[in-house]
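Shown next, in structure tokens, is the structure this report addresses.
Numbering of ligands and ligand atoms starts at 1, following listing order. Below, all heavy atoms of this structure are taken into account, side chains as well, without hydrogens, waters or symmetry copies.
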Amino acid sequence: MMETPLKIIKKYQIQPVKRLGQSFLVDNNITSRIVDALKSDKGDSVVEIGAGLGAMTAMIAPRVTKIVALEIDPKLVAVLTKELKDIPNVEIIHGDVLEYDFSAPAGGRARIKVIGNIPYNVSSQILFRLIEFRDHISSAVLMFQKEVVDRITAPSGTKEYGILSVIVSMYAKTERIMTVPATCFYPKPKVDSAVLKMEIREEPLYPLDNHDTFIKTVKTAFSKRRKTLANNLKDMFTARLKGMDVFALLDETGIDGRRRGETLTVEEFGKLSNAINRLR
Ligand code: SAM
């Protein structure tokens, strides 16, 4: 049995580093529910983002073939190495998740699962990285600041609906697993948290011609929230839209250019980005 996170913190006199989002989950019941939400099987390869003290890592290991514990802080890598030394199927990697190759653990053959109580300061970058590796990932269960989960799961037309909601929904089905109060962490963060499960779709929600154009279209549509869609597009795609009637282009997709980005559904964003992609 592994020691509790608080005991490990004391034993190694760990001083949590705020800059690295080090707020450790100290409630084992919550850790266990997060691990259950992954629904992992023998045969799975799992990557844990920000393994920290290894509590979650140790809980997952007996259920899967392989678990990669990714951690950026060398001091915690040393702790993980000592605390997890008797678990044979754990691979500890000292590295940055934003540079990690998620196709590596299964040698590019099978799709892996991802789990993590992630550093909140890089939540969006982590999401974008996972989406880049969507062909190699089947699902992810991640802890975010609660408001980020509200944004990811927001329906169109609401205040929270934005870049994250559209991009994540295009590629994944999402489900909020639970809300986690700040008191479950040490040190106690200022915000509450929530756990989100993402099942990566076999195909995007709308058949996209080009991923990069889709991402740029979505970012553009939300770049100035108070501007209309047509005006935001004109400002950003200046070269592509030169001499073009933006309203005509939008008409072609059945979207009124006077609408604002937040009113478009995910499918409409797909249609619009394909139309923009066809322009030279
Ligand atoms: N998994 C532990 C837990 O649940 O208590 C730690 C969670 S803590 C919120 C986030 C962890 O991610 C920290 O251990 C931190 O050092 C690590 N981390 C921060 N930035 C990282 C990065 N770019 N790549 C990998 N790990 C990172």
Side-chain angles (χ1 to χ4, degrees), residues 2-38 40 46-61 64 67-84 87 90-102 104-105 112-130 132-133 140-149 177-196:
M2 185 143 179
E3 282 176 299
T4 64
L6 285 174
K7 280 200 178 141
I8 295 178
I9 290 171
K10 212 166 163 198
K11 178 168 157 191
Y12 294 92
Q13 298 185 342
I14 293 164
Q15 305 282 345
V17 182
K18 208 172 166 198
R19 175 177 52 83
L20 295 176
Q22 287 178 2
S23 204
F24 301 103
L25 189 54
V26 292
D27 184 324
N28 263 341
N29 284 328
I30 304 276
T31 309
S32 161
R33 284 172 63 193
I34 298 174
V35 170
D36 285 347
L38 191 64
S40 52
V46 176
V47 173
E48 183 187 353
I49 301 174
L53 309 169
M56 199 182 277
T57 329
M59 223 182 258
I60 301 167
V64 300
I67 167 129
V68 174
L70 202 55
E71 176 53 58
I72 201 167
D73 182 345
K75 285 195 186 133
L76 294 185
V77 170
V79 171
L80 288 166
T81 308
K82 280 199 190 135
E83 292 296 318
L84 303 175
I87 310 181
V90 177
E91 183 185 353
I92 299 162
I93 296 189
H94 177 207
D96 184 345
V97 58
L98 301 178
E99 287 167 12
Y100 182 70
D101 176 0
F102 284 89
I112 60 153
K113 291 181 175 164
V114 177
I115 198 165
N117 170 17
I118 64 173
Y120 294 167
N121 52 335
V122 283
S123 309
S124 305
Q125 283 118 296
I126 291 175
L127 271 174
F128 286 124
R129 182 114 190 129
L130 295 180
E132 263 178 55
F133 282 93
V141 173
L142 302 172
M143 173 102 74
F144 292 95
Q145 181 175 331
K146 185 179 159 292
E147 287 71 20
V148 175
V149 172
I177 302 292
M178 65 183 146
T179 302
V180 185
T183 47
C184 296
F185 298 86
Y186 176 83
K188 188 175 148 217
K190 289 199 182 69
V191 293
D192 284 335
S193 300
V195 177
L196 181 81

Task: Closest protein heavy atom to atom 26 (N) of ligand 1, given as residue, atom name and distance to 0.1 Å - done: I72 N, 3.4 Å
TODO: Answer whether the closest heavy-atom distance between the side chains of L142 and S123 falls below 4.5 Å.
DONE: no
- [ ] Please state whether G95 comes within less than 4.0 angstrom of ligand 1, counting heavy atoms only.
- [x] yes
- [ ] Answer yes or no: is there a side-chain heavy-atom contact under 4.5 Å between M59 and N28?
- [x] yes
- [ ] Could you pull out, from V79, I118, N117, the option with a heavy atom nearest to atom 3 (C) of ligand 1?
- [x] N117
Task: Contact with ligand 1 for M143, non-hydrogen, under 4.0 angstrom - done: no
- [ ] Identify which of G54, G50, C184 has a heavy atom lying nearest to atom 11 (C) of ligand 1.
- [x] G50
Open item on the list: What protein heavy atom lies closest to atom 5 (O) of ligand 1? Include the residue and the distance to one decimal.
Closed with: L25 N, 2.9 Å
TODO: Please report which non-hydrogen protein atom sits nearest to atom 20 (N) of ligand 1, along with the residue it belongs to and the distance in Å to one decimal place.
DONE: P119 CG, 3.4 Å
Open item on the list: With heavy-atom distances below 4.0 Å as the criterion, list the atoms of ligand 1 near Q22.
Closed with: 13 (C), 15 (C), 16 (O)
TODO: Starting at CD1 of I34, measure out to CG of L196 and round the result to the nearest 0.5 Å.
DONE: 11.5 Å
TODO: Hey, could you give me the CE/CD1 distance between M143 and I177, rounded to the nearest 0.5 Å?
DONE: 11.5 Å
Task: Shortest protein contact, atom 19 (C) of ligand 1 (heavy atom only) - done: L20 O, 3.1 Å
TODO: With heavy atoms of V97 as the reference, note each atom of ligand 1 found under 4.0 Å away.
DONE: 22 (C), 23 (N), 24 (N), 25 (C)
- [ ] Could you tell me if any non-hydrogen atom of L76 lies under 4.0 Å from any atom of ligand 1?
- [x] yes
Task: Mode of A55 contact toward ligand 1 - side chain, backbone, both, neither (heavy atoms, under 4.0 Å) - done: neither
Task: Those atoms of ligand 1 less than 4.0 Å from some heavy atom in D96 - done: 22 (C), 23 (N), 24 (N)
Open item on the list: Under 4.0 Å, counting heavy atoms only: does V122 come that close to any atom of ligand 1?
Closed with: no
Task: Sole candidate of C184, P187, P5 that passes side chain to side chain contact (heavy atoms under 4.5 Å, CB included) when paired with V26 - done: P5
Task: Shortest protein heavy-atom distance from atom 8 (S) of ligand 1, along with the residue and atom involved - done: G21 O, 3.4 Å
Open item on the list: At less than 4.0 angstrom from any non-hydrogen atom of E48, what atoms of ligand 1 do you find?
Closed with: 1 (N)
Open item on the list: Could you identify the single nearest non-hydrogen protein atom to atom 16 (O) of ligand 1 and state the distance to 0.1 Å?
Closed with: E71 OE2, 2.6 Å
